[in-house]
Amino acid sequence: QVQLVESGGGAVQAGGSLRLSCAASEYSGNSRCMGWVRQAPGKEREGVATIYIFGGRTNYADSVKGRFTISHDYAKSTVYLEVNSLKPEDTAMYYCAAAPLVLAACLSGFSPQSFRYWGQGTQVTVSS
């Protein structure tokens with residue numbers, strides 16, 4: 001059982017930045033694919049970015065490419081999401097998620113159903 005704890009959310013104005021963090025209880029095969037998923041009020045969960053912890057390869061949803069950066073610190077078992085140039089439509093609860101996916105599956109899509117483990121979420125609110 002992988003436990004995930006997010007932090008770093010907050011309220012910012014449009015154009016601002018935040019750094020979200022996700023501390024994992026274990027970095028192992030069970031969590032080799034880590035990702036961030038967001039859910040805005042009244043909308044379905046949307047995959048944002050994924051990272052394969054063995055090697056660090058990443059993938060991004062088109063809606064955030066060039067603005068968001070996912071990274072990780074292997075020694076700290078922590079994944080980060082740098083969110084820049086924020087827009088009001090980025091307002092959502094951001095969840096960290098993990099799954100024992102192979103590399104190709106980790107980088108090929110953002111289906112929230114692919115993830116097995118979830119954090120409690122951290123709120124990001126962007127005002128115009």
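Since this is a predicted model, take the numbers as computed values, not measurements.
Transitive grouping of hydrophobic side chains (ILVMFWY, heavy atoms separated by less than 4.5 Å) keeps Val79 and Met93 in distinct clusters. Note on Tyr94: it clusters hydrophobically with Ile51, by side-chain heavy-atom contacts below 4.5 Å among ILVMFWY residues. By the rule that hydrophobic residues join a cluster once side-chain heavy atoms approach within less than 4.5 Å of another member, Phe115 and Val48 end up as members of separate clusters.
Side-chain contact between Glu26 and Tyr117 is absent, with no heavy-atom pair separated by less than 4.5 Å. Contact annotation: the side chain of Val83 never approaches that of Arg38 to less than 4.5 Å [non-hydrogen atoms, C-beta and beyond].
Scanning both residues, Tyr95 and Arg45, for their nearest heavy atoms gives CZ-NH2, 3.7 Å. Nearest heavy atoms, Leu4 versus Met34: CD2-CE, 3.9 Å. For His72 against Tyr80, the heavy-atom pair with the smallest separation is CA-CD1, 4.2 Å. Here the shortest heavy-atom pairing between Leu101 and Ser114 reads CD1-CB, 4.0 Å. Residues Val126 and Thr91 approach most closely at N-OG1, 2.8 Å, considering heavy atoms. Considering every non-hydrogen atom in both Ser128 and Ala14, the closest pair reads CA-CB, 4.3 Å.
Of the possible polar contacts, none joining the Gln3 side chain to the Ser25 backbone as a donor-acceptor pair under 3.5 Å is found. For Thr50 (side chain) and Gly35 (main-chain N/O), no donor-acceptor pair under 3.5 Å exists by modelled atom type. Listed for the Glu6 side chain is a donor-acceptor partner under 3.5 Å among the backbone atoms of Gly121. Side-chain N or O atoms of Thr78 include none that pairs as donor or acceptor with a backbone N or O of Ala23 at under 3.5 Å. For the pair Arg32 (side chain) and Tyr52 (backbone), a donor-acceptor distance under 3.5 Å is absent. The backbone N or O of Ile70 sits less than 3.5 Å from a side-chain atom of Tyr60, completing a donor-acceptor pair.
Once rounded to the nearest 0.5 Å, the distance linking CG of Asn59 with OG of Ser108 reads 8.0 Å. Interatomic distance, Leu20 CG to Trp36 CH2, rounded to the nearest 0.5 Å: 5.0 Å. Between the OG atom of Ser31 and the CZ atom of Arg116 there is a distance of 11.0 Å, given to the nearest 0.5 Å. One finds the CG atom of Leu103 at 9.0 Å from the SG atom of Cys33 (value rounded to the nearest 0.5 Å). Here Gln13 contributes atom CD and Thr125 contributes atom OG1; the two are 13.0 Å apart, rounded to the nearest 0.5 Å.
Salt bridge Asp90/Lys87: absent, no basic N to carboxylate O contact under 4.0 Å.
Phe54 and Tyr74 have tilted rings, their planes meeting at an angle from 30° to 60° on a 0 to 90° scale.
For the 3.5 Å distance criterion, the side chains of Glu46 and Ser63 qualify, holding a donor opposite an acceptor.
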